[in-house]
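Residues: numbered from 1 along the sequence shown.
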Amino acid sequence: MSKFKVLTLATTIVGALGVFSMANAATEIKAAFNQSDKHPQYTALNDFGKKFAEATDGRYKLNIFPNELLGDQRASLELVQNSAIQMAIVANPLVENYSADFGIISLPYIYSGYDHQQKVFTSGVLDNLFKQTTPMGFEVLAAYTGGARSMYTKKGPINTIADMKGVKTRVMQSDTMIKTLSCMGGQGVPMGQGEVYSAIQQGVLDGAENSEITYYDLKQYEVAPFYSATRHLMVPDLVIVSTDFINSMSEQDRATFRRLAKESTAAEFDLWKSQIKVSKEAAQSKGAKFNEVDITQFQQACTPLQQELIKTAAQKELYNKVIALR
């Protein structure tokens, strides 16, 4: 065989392999995430991605962008909605802007604890709720726990409603969260998370409220060393996907995608609960002081707010279904 023929054959083979490789390249799924790659939610979503890649013989590959690399949660939701990226994890209050019914699963003291919340998220009672956003360009696949939010303060612990008087506390930009702090006897101040540390340090805030994990990860124990377990809110974080993207899948891949996403919720709860102990002990080693709180008075004080925020028959029905799983 002449050198020319050998070269031609080699070129043909390489070209064919290139076409074959392009034809079988994995479809990238870009997912936005606002926390670090050490966070329980990152780990759970990453595990979901690996299982989905395996289930589809490598036809899809999940690529998670942590630490707000693709923007904050509000921007991430809009990117998913506009199909610029395929997935994101966003806080429930952001989705409330598209459907007020989502506010029910963020009500103060609606959950009796992690086991109850996990049962709600995995029982199927939220399936109809999650479908509501589909006409708006995104679908809610699953709910992850964002932990039980508690008070942490600069000057001393919180044990009673009286202790909350005059305490300026950072909350997310959510009317429900502002009202929750009010019914607890305090004052909610909406503010971005990146400003909290310096605001407490400078006396603009008296404290903030969040989970033990965020409290430690963001080193807020340095400026607010008193962590009081009021557990007033357990705000879900939602795994969302672009409607255009999920509709582009085959029926079989779409079913697998949805199933694995739902299954990842249980894994995320296990990871979260394990991390709480680690974060708490680490914060204590840095001087943070944790105290348990009798939450009965706070629950009673926030009951009227629950009723105020339940405005429709559908919301009442959803509330009753959640309560029934306690």
_Interatomic distance, Ile246 atom CD1 to Gln86 atom CD [nearest 0.5 angstrom]_ = 11.5 Å

*Interatomic spacing from OG in Ser211 to CG in Asp217 - rounded to 0.5 Å*: 8.0 Å

*Given Thr145 and Gln117, is the side chain to side chain donor-acceptor pair (under 3.5 Å) satisfied, shown in steps?*
CA-CA 8 Å; Thr145 186; Gln117 189 180 53; 2.7 Å; yes

_Residues Thr265, Tyr144; criterion side-chain contact (heavy atoms from CB on, under 4.5 Å); working and verdict_ = CA-CA 6 Å; Thr265 295; Tyr144 284 172; 4.1 Å; yes

*Could you walk me through whether Glu54 and Lys50 pass the salt bridge (charged side-chain N to carboxylate O under 4.0 Å, His left out) check?*
CA-CA 6 Å; Glu54 182 179 353; Lys50 290 178 180 178; over 6 Å; no

_Neighbour count >12 (heavy atoms, 6.0 Å) for atom CG, Asp37_ = yes

*Carefully, step by step, assess Met191 and Met172 under the rule side-chain contact (heavy atoms from CB on, under 4.5 Å).*
CA-CA 6 Å; Met191 184 180 294; Met172 288 193 292; over 6 Å; no

*What about Tyr216 and Tyr221, are their ring centers closer than 6.0 Å?*
yes

*Answer yes or no: is there an ion pair linking Lys119 with Asp115, defined by an N-O contact shorter than 4.0 Å?*
no

*Treat each ILVMFWY residue as a node, draw an edge where side-chain heavy atoms are under 4.5 Å apart, and state whether Ile104 and Val140 are in one component.*
yes

*Just checking, any donor-acceptor pair under 3.5 angstrom between side chains of Gln220 and Tyr152?*
yes

*What's the spacing between Leu107 CG and Gln306 CD if we round to 0.5 Å?*
5.5 Å

_Flag if over 12 foreign heavy atoms under 6.0 Å of NZ, Lys51_ = no

*Between Arg59 and Ala26, is there a donor-acceptor pair closer than 3.5 Å when you use the side chain of the first and the backbone of the second?*
no

*asked:* Could you check whether Thr134 and Thr243, counting side-chain N and O atoms only, form a donor-acceptor pair closer than 3.5 Å?
replied: no

*For the pair Ser99 (side chain) and Val95 (backbone), establish whether a donor and an acceptor sit closer than 3.5 Å, ignoring hydrogens and angles.*
no

Anything under 3.5 Å between a donor and an acceptor, one on a side chain of residues 194-208, the other on a protein residue two or more places apart or in another chain? List them.
residue: Tyr197; atom: OH; partner: Glu222; partner atom: OE1; Å: 2.5
residue: Ser198; atom: OG; partner: Glu195; partner atom: O; Å: 3.2
residue: Asp206; atom: OD2; partner: Lys168; partner atom: N; Å: 2.7

_Could you check whether any side-chain N or O of His39 sits under 3.5 Å from a backbone N or O of Thr214, counting only pairs where one atom can act as donor and the other as acceptor?_
no

*asked:* Could you go through Asn291 and Asn159, starting from their C-alpha distance and side-chain angles, then the distance that decides it, and tell me whether this counts as side chain to side chain donor-acceptor pair (under 3.5 Å)?
replied: CA-CA 8 Å; Asn291 64 290; Asn159 287 296; 3.0 Å; yes

*Please check if any side-chain donor atom of Asp253 sits under 3.5 Å from a side-chain acceptor atom of Thr56, or the reverse.*
no

_Within this structure, what is the OG-CG distance for the pair Ser76 and Leu69, rounded to the nearest 0.5 Å?_
10.0 Å

*asked:* Using the rule given for salt bridge (charged side-chain N to carboxylate O under 4.0 Å, His left out), can you reason through Asp127 versus Lys262, listing the C-alpha separation, both sets of side-chain angles and the distance that settles it, and then say yes or no?
replied: CA-CA 10 Å; Asp127 288 353; Lys262 287 183 181 298; 3.2 Å; yes

*asked:* One thing to verify: whether Glu317 and Lys321 come together as a salt bridge, which I'm taking to mean a side-chain N less than 4.0 angstrom from a carboxylate O.
replied: yes

*asked:* Are Tyr109 and Phe298, when compared by the centres of their aromatic rings, separated by less than 6.0 Å?
replied: no

*Could you walk me through whether Cys302 and Met184 pass the side-chain contact (heavy atoms from CB on, under 4.5 Å) test, one step at a time?*
CA-CA 7 Å; Cys302 289; Met184 292 174 67; 3.9 Å; yes

_Evaluation steps, salt bridge (charged side-chain N to carboxylate O under 4.0 Å, His left out), between Arg231 and Glu292_ = CA-CA 10 Å; Arg231 302 187 180 98; Glu292 288 295 319; 3.1 Å; yes

_Hydrogens and angles aside, do Gln315 and Asp101 bring a side-chain donor and acceptor to less than 3.5 Å of each other?_
yes

*Flag yes if more than 12 heavy atoms outside Lys154 fall under 6.0 Å of its NZ atom; otherwise flag no.*
yes

*Do Thr296 and Asp294 pass the side chain to side chain donor-acceptor pair (under 3.5 Å) test, and can you show the C-alpha distance, the side-chain angles, and the key distance before you say yes or no?*
CA-CA 6 Å; Thr296 305; Asp294 180 357; 2.9 Å; yes

*asked:* Could you check whether Tyr227 and Tyr215 have their ring centres less than 6.0 Å apart?
replied: yes

*asked:* Can you tell me how far apart CH2 (Trp272) and CD (Glu212) are? Round to the nearest 0.5 Å.
replied: 8.5 Å

*asked:* How long is the straight-line distance from CD of Gln299 back to OG of Ser112, given to the nearest 0.5 Å?
replied: 9.5 Å

*Mark yes or no for whether Asn82, through its side chain, and Leu79, through its backbone, hold a donor-acceptor pair below 3.5 Å.*
no

*Are Lys280 and Phe290 in a cation-pi setup, meaning NZ or CZ lies under 6.0 angstrom from the ring centre and within 45 degrees of the ring axis?*
yes

*Counting only heavy atoms not in Arg74, do more than 12 fall under 6.0 Å of its CZ?*
no

*asked:* How about CD on Glu308, more than 12 heavy atoms from neighbouring residues, nucleotides or ligands closer than 6.0 Å, or not?
replied: yes

*In sequence, state the C-alpha distance, the side-chain angles, and the governing distance for Leu141 and Ile240, and then conclude on side-chain contact (heavy atoms from CB on, under 4.5 Å).*
CA-CA 6 Å; Leu141 292 166; Ile240 63 171; over 6 Å; no

*Check: Phe121 ring centre within less than 6.0 Å of Tyr114 ring centre*: no

*Under the 3.5 angstrom rule, does the side chain of Glu28 hit a backbone N or O of Lys61 as a donor-acceptor pair?*
no

